[in-house]
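Lettering follows sequence order; numbering is per chain, from 1.
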Amino acid sequence: MSPDEYLSVLNPQQEEAVVHEGGSLLILAGAGSGKTRVITTKIAYMISHLHLDPYSILAVTFTKKAANEMKERAVLLEPKSAYAQIRTFHSFGAYFLRKYYMEAGVDKNFTVYDDDDMVNLVSKAIPTLPKKECSFVAHKISLAKDYCLTPDSSDFSQIGCTEEFADQYAAYEKRLRETGNVDFGDLILLPYLVLKNSALVKNEIHSRYRVIMVDEYQDSNVAQFLLLQQLSGVEDGVETYVCVVGDDDQSIYKFRGAEVKNILNFQNCFPDTKLVRLETNYRSSSQILACADSVVKNNAGRLGKTLVSARGNGKKPVLAFLENQDEECEFCSQLIENAHKKGVPYSDWAILYRTNAQSMGFESVFLRKKIPYTVVGTLKFYEREEVKDILAWLSFVANPKDEIAFRRIVNKPARGIGNTSQEKIVECGRGRSMLDGCREIKLSKKASEGVQFFVSLSVELDSMLNENPDAESGKKSKSKKKSLSDFVSAVSAKSGLEDYHRSQDEIAGTQKISNLQELANAASLYPCTKAGLLDFLDHIELDRTLENESEQDDSKDRVTMITLHNTKGLEFSRVIITGMEHGVFPREDKAGDELEEERRLFYVGITRAKDELYFTSCGMRRMYGQTKFMYPSPFLNEIDSSLMKVIGDTPPSYEPGLSAGEDPVAKKWHVGAQVYHDDYGYGVIASGKMNDEGEYVISVNFETGGTKRFLPKYQKSLVLEDCE
DNA sequence: GATCGTTCTATTTTT
DNA sequence: TAGAACGATC
């Protein structure tokens with residue numbers, strides 16, 4: 001497309017955003033308003049019309065997928081866009097840290113610890129801490145990093161932590177620095193600190209990046225905001241052009257540290273900000289948008305915008321009240337089957353739910369009815385045991401200071417190196433190299449034999465990467481040139497992990513071996529060198545979504561089953577939002593800010609639909625082995641009934657605020673009453689009160705000695721005894 | 001270090 | 001209910 005062509009397809013607001021120059025720019029882009037088009041066109045425009053050096057443009061997104069799409073589309077418009085930095089926030093951080101590893105105090109060959117690794121490291125850094133609390137602390141540490149809090153920060157109250165957390169955090173951090181590695185939070189936090197502390201680096205960055213763009217800005221966290229501030233030099237009076245794009249109504253990652261305030265306050269932090277609203281929606285019909293609007297307008301503290309559909313009236317959304325889950329699955333499968341008979345492809349459909357567990361019911365029905373489907377986001381390839389084992393080897397070869405990787409592989413398969421031996425080695429080699437620890441420490445005969453094998457294997461594998469094929473004299477046949485996949489295969493074979501997992505496959509009928517082959521395949525694009533290995537690891541660590549390819553492409557026409565969170569950025573012709581029940585969506589414990597976030601999640605779900613939208617709500621649902629009566633989601637009440645076609649009997653609404661005195665349930669199950677329970681026997685009601693949801697909760701002291709709490713409203717196994 | 005039984009606990013998760 | 005995770009035992 002020629003520059004004038006790609007400008008001519010824009011609407012006035014889009015064009016205004018694209019050609020804007022000068023101060024900063026905040027683009028409030030409603031769902032389906034052509035946001036990506038605007039960003040990519042803007043990149044192309046700056047290069048071709050404003051003659052900006054593509055090298056000086058940095059555009060960051062949150063997902064690899066979004067980054068790839070952005071890059072591809074920008075290159076189509078302007079080939080020179082290929083030289084711009086278009087990447088995820090975290091991959092930019094990794095790139096930055098590889099360049100300034102000295103300043104950041106990390107190893108040149110660092111790898112990235114994931115959440116599991118963090119938990120392991122916490123448990124090693126604080127040996128007295130019980131396992132359960134390790135994951136709690138690890139989670140808090142990553143949250144702390146999202147909020148840009150370091151161990152010496154004075155106040156952890158904003159992440160709900162007390163004094164003792166600072167020590168735990170400090171212990172973890174010390175241990176992490178000894179490995180030379182980083183965690184995800186560091187990919188943002190460390191670049192921020194480097195920029196803050198080094199005028200030299202700062203100058204280098206400021207003179208390079210003249211334009212910085214951030215996509216999905218509503219989901220940026222505090223650390224990312226501060227990093228953006230440093231990168232742009234806005235505080236130092238550097239005139240970097242900053243353009244952020246986002247939609248405050250679609251902020252759904254508060255629980256991970258995302259801060260809506262970033263977008264709400266942008267205009268205060270970046271001077272001379274121009275605000276452009278993109279309010280023309282090219283995705284959904286107006287009846288769908290009417291639902292979306294009537295929901296989201298119940299939220300306070302929005303910048304506010306009204307979407308106008310460019311696609312006409314369309315079909316009225318349908319709300320179906322169903323008796324139970326089975327009916328819900330049946331209803332969905334029939335909708336899809338009937339449409340399929342009329343020629344609607346399966347891939348037009350998406351089934352949305354709040355929690356992953358809800359996919360199960362749909363899966364079994366779809367399996368039985370032979371409706372092809374794909375579940376998005378479950379069992380990630382890189383989280384599988386066998387894959388993690390090999391990755392641990394790869395990370396360890398890259399960086400032998402990595403104690404977590406070391407512990408994972410040193411005794412798998414068993415080589416007689418038990419916990420005590422491992423402890424000794426790590427203690428000895430910490431901060432240097434686990435291999436030094438292996439060589440220097442004295443162990444039992446069995447253990448030292450195992451260690452010897454491990455060390456020589458590490459050395460051998462390491463040397464595979466150091467071979468320089470070009471330096472070899474004589475023949476330079478290209479077919480002989482090794483790729484990293486040879487290295488990965490060698491790791492599986494020589495470590496004994498291949499045999500180990502093959503026997504597991506035979507026992508459990510799993511796919512571990514083919515997963516390992518898949519992993520080796522994925523490495524084939526990289527050279528068999530240290531640099532190639534690091535590249536590969538970065539690619540993997542920073543893109544955990546990559547699925548087993550073979551699973552994906554045997555059939556393209558499939559129904560999508562997906563959590564509401566995972567739908568961000570996607571669109572489907574026909575969308576069914578399931579489980580619209582109080583306690584399921586929104587979840588039970590949500591109130592205030594969190595309830596607003598749930599509402600935004602609902603808004604995101606609705607605005608995924610292009611042509612048809614359905615809601616399903618069940619009167620009963622099996623949860624935790626019990627069948628519970630359900631009330632319709634309060635969100636449904638926010639949509640005027642004239643905006644939907646209702647199927648089935650409307651059940652009574654949920655009524656919060658009944659106090660215990662007025663509640664007939666509470667009168668019946670009064671304190672002091674005798675009860676009998678199928679499993680626990682006779683007991684007396686010791687106390688009764690309303691919980692936050694306005695449900696009456698009793699606690700019962702049983703003759704057998706135990707105390708249990710119940711919701712009598714739902715209780716089937718508990719009966720009142722006559723007191724006579 | 002493998003296996004079996006008991007106990008506990010149930011979100012969302014771009015990187 | 002189901003699955004993971006832990007602890008006791010061989």
Side-chain angles (χ1 to χ4, degrees), chain A residues 60-69 87-95 112-119 130-132 134-135 139 142-143 145-146 182-189 214-221 223-224 227 246 250-258 325 352-361 376-378 380 382-383 411-421 446 504 507 538-546 562-570 579 583-590 594 597-598 600-602 604-605 621-628:
Chain A
V60 291
T61 65
F62 282 82
T63 67
K64 192 101 179 177
K65 199 174 161 195
N68 289 341
E69 188 190 347
R87 47 203 317 166
T88 65
F89 242 123
H90 289 85
S91 105
F92 174 76
Y95 164 84
V112 183
Y113 276 153
D114 68 10
D115 293 355
D116 272 356
D117 300 329
M118 282 183 78
V119 175
K131 267 277 150 59
K132 227 169 73 188
C134 287
S135 39
H139 175 242
S142 48
L143 210 56
K145 292 191 176 184
D146 288 345
V182 301
D183 56 28
F184 274 113
D186 284 338
L187 291 174
I188 308 298
L189 180 55
V214 185
D215 189 18
E216 304 280 15
Y217 191 65
Q218 76 282 353
D219 283 324
S220 59
N221 59 37
Q224 286 161 335
L227 176 58
Q250 294 188 62
S251 170
I252 55 174
Y253 283 107
K254 173 100 197 277
F255 68 96
R256 288 199 54 168
Q325 276 164 303
L352 277 47
Y353 37 77
R354 177 65 232 269
T355 62
N356 281 309
Q358 286 166 256
S359 75
M360 263 198 17
V376 175
T378 46
K380 299 207 175 99
Y382 293 113
E383 277 164 21
N411 199 34
K412 191 170 184 179
R415 300 187 181 95
I417 308 162
N419 238 317
T420 0
S421 305
K446 202 171 125 200
Q504 300 270 303
I507 298 163
D538 269 1
H539 178 84
I540 283 172
E541 289 301 339
L542 303 179
D543 182 15
R544 309 318 230 51
T545 52
L546 195 118
I562 189 169
T563 62
L564 284 145
H565 280 91
N566 268 323
T567 60
K568 199 169 84 169
L570 303 179
V584 174
F585 187 34
R587 279 187 59 80
E588 211 126 30
D589 42 357
K590 300 293 180 182
E594 290 192 318
E597 178 143 317
E598 294 274 300
R600 290 194 289 270
L601 187 57
F602 187 37
V604 167
R621 183 173 288 274
R622 281 187 304 276
M623 290 174 96
Y624 310 141
Q626 284 183 325
T627 301
K628 278 182 144 199

Between B:dT11 atom C1' and A:K590 atom NZ, what is the distance in whole Å? 7 Å
On the nucleotide B:dT12, are OP1 or OP2 found under 4.0 Å from the side-chain N or O atoms that A:N356 carries? yes
Just to be sure I understand the rule, does A:K568 reach a base, reach only the sugar-phosphate, or reach nothing, if contact means heavy atoms closer than 4.0 Å? base
Think A:S91 has a side-chain N or O under 4.0 angstrom from the OP1 or OP2 of B:dT15? no
Roughly how far apart, to the nearest Å, are C:dA2 and B:dT13 at atom P? 23 Å
Residue A:R354, side-chain atoms from C-beta onward, closest of B:dT11, B:dT15, B:dT14: B:dT11
Could you work out which one of B:dT11, B:dT14, B:dA10 sits closest to the side chain of A:Y624? B:dA10
Where each residue is assigned the nucleotide of DNA chain B containing its nearest heavy atom, which of A:K132 and A:E597 is assigned the position nearer the 5′ end? A:K132
If you measure from the C1' atom in B:dT14 to the same atom in C:dG3, how many Å do you get, rounded? 27 Å
Considering just the side-chain nitrogens and oxygens of A:N411, establish if one lies under 4.0 Å of OP1 or OP2 belonging to B:dG1. yes
Quantified in whole Å, what is the P atom distance between nucleotide B:dT12 and nucleotide C:dA5? 15 Å
Residues A:D219 and A:K254 bridged, charged N to O under 4.0 Å: no
If you assign each of A:T63 and A:G625 to its closest nucleotide in DNA chain B, which residue comes earlier from the 5' end? A:G625
A:F184 versus A:H90, closest heavy-atom pair with distance: O-CD2, 3.5 Å
Does A:E597 come within less than 4.0 Å of A:K590, counting only side-chain N to carboxylate O? no
Using a cut-off of less than 4.0 Å, is there contact between a side-chain N or O of A:N566 and OP1 or OP2 of B:dT12? no
Would you indicate what A:F89 reaches in the nucleic acid, counting non-hydrogen atoms under 4.0 angstrom: base, sugar-phosphate, or nothing? nothing
Verify, without hydrogens or angle tests, whether A:N411 (side chain) and A:A414 (backbone) share a donor-acceptor contact under 3.5 angstrom. no
Do A:D146 and A:R256 sit within salt-bridge range, that is, some charged N less than 4.0 Å from a carboxylate O? no
Selection from B:dT15, B:dT11, B:dT13 that lies nearest to any side-chain heavy atom of A:Y253: B:dT13
For B:dT12, does the base pair up with any side-chain atom of A:R587 as donor and acceptor (N or O, under 3.5 Å, distance only)? no
